[in-house]
Amino acid sequence: MAETLLFNALREALDEEMARDSAVFVLGEDVGHYGGSYKVTKDLCNKYGDLRVLDTPIAENSFTGMAVGAAMTGLRPIIEGMNMGFLLLAFNQISNNAGMLRYTSGGNFKMPMVIRGPGGVGRQLGAEHSQRLEAYFQAVPGLKIVACSTPYNAKGLLKSAIRDDNPVLFFEHVLLYNLKADLPETEYLVPLDKAEIVRSGKDVTILTYSRMRHHVMQAVPALVKEGCDPEVIDLISLKPLDMETIGASIRKTHKVIIVEECMKTGGIGAELIASISDRYFDELDAPILRLSSQDIPTPYNGNLERLTIVQPAQIIEAVQKMVSLRV
């Protein structure tokens, strides 16, 4: 085992997959000699050359379209978005091209491409750099969407995403890059479509993902001290949702709280509530409770910024309210 920071875990995944398959290449703004905004591609251009670690102009629609074409011809492009919010400029290429071409070509083309980069609410990055795009792309057919949350799953998920023959949106949180963990020195993969049971429990199911996993786990000790036994599930796969793991937990706890950094209206939590209601309504002993970000552009002011997203104290209060319900 070796202690590794999350951004280095991602870099290891890129390095290993580029060494394994010459069709894999990276492109994006400042990914080459600068090494990426968060150093995920540091020194890779020295090892693999400028054509496999390709610095692009500031033109997301153009280089995303180029990556689609490269994937159609058998290469495996990995796009790094300097900030995931900038990829809104490539929404057409991601949705109409990457998401649909395998289907609309009758299976004649595969689309093995990964679109990854930092997102989420950082520390005073302003509204346009605090985007959570997972809900924007949730409705696009043909895409897979994952959100890493630890160095371990970041590396294993990215390796799996690179090997997949479908377009994968790979969300990293800007405040998790310096997270540390011990990683196996042998190769491993993490499935793209499975949730992780972070903590087993019997009283309430808490569904979360990305940075909010850590906010939930900060709240757990206080809840356990009060005699509550929460089950915590990191969704990881946002599309498709792992309803099998979610359903098994609901059959055990019969109560659900969703904790997300996504906005409340039209967010991942909204889709979760609909899917759970469709499949497991009769298993619920209480209405599903959803803790989401405020439906406003993220303020630059630090105090206001903190008020827009869910904090551990709110999670504790929500669980206390939920488990006190008696049917």
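Only heavy atoms go into these numbers, but all of them, side chains included; no hydrogens, no water, no symmetry mates.
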Is there a side-chain contact between [X] and [Y] in this structure, where contact means two heavy atoms from C-beta onward sitting under 4.5 Å apart?
X	Y	result
Pro230	Arg199	yes
Met72	Val68	yes
Leu158	Leu14	yes
Val31	Leu54	no
Asp203	Lys255	no
Tyr34	Lys39	yes
Leu44	Arg11	yes
Leu241	Glu271	yes

Distance in Å, [X] [atom1] paired with [Y] [atom2], rounded so as to fall on 0.5 Å steps:
X	Y	atom1	atom2	result
Ser149	Met217	OG	CE	11.0 Å
Leu175	Leu6	CG	CG	11.5 Å
Glu29	Asn83	CD	CG	10.0 Å
Asn92	Asn97	CG	CG	5.5 Å

Taking 4.0 angstrom as the limit, do [X] and [Y] come out as a salt bridge?
X	Y	value
Glu196	Arg213	yes
Lys47	Glu16	no
Asp295	Lys264	no
Lys239	Glu134	no

Membership question, hydrophobic clusters at under 4.5 Å side-chain separation (ILVMFWY): are [Y] and [X] in the same one?
X	Y	value
Ile94	Leu89	no
Phe170	Val40	yes
Val198	Ile246	no
Leu238	Val190	no

Using a distance-only test with no angle check, is there a side-chain donor-acceptor pair under 3.5 angstrom linking [X] and [Y]?
X	Y	value
Ser160	Asp164	no
His33	Asn46	no
Thr253	Thr205	yes
His215	Gln314	no

Please test Tyr48 against Phe25 for ring pair (Phe, Tyr, Trp, His ring centres under 6.0 Å), starting from the C-alpha separation and ending with a verdict. CA-CA 9 Å; Tyr48 297 104; Phe25 74 102; over 10 Å; no
Centroid separation under 6.0 Å, is that true for the rings of Tyr152 and Tyr188?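 That pair passes the under 6.0 Å test.
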Between Tyr38 and Tyr177, ring centroids under 6.0 Å: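 Ring-ring flag for Tyr38/Tyr177: true, centres closer than 6.0 Å.
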Classify the ring geometry of Phe86 against His129: parallel below 30°, tilted from 30° to 60°, perpendicular beyond 60°.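 Because their plane-to-plane angle is over 60°, the rings of Phe86 and His129 count as perpendicular.
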Salt bridge (charged side-chain N to carboxylate O under 4.0 Å, His left out) with Glu231: which of Lys252, Lys202, Arg251?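 Of the listed options, the one satisfying the test is Lys252.
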Glu172 pairs by salt bridge (charged side-chain N to carboxylate O under 4.0 Å, His left out) with which of Lys155, Arg132, Arg116, Arg211?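 Result for salt bridge (charged side-chain N to carboxylate O under 4.0 Å, His left out) with Glu172: Arg116.
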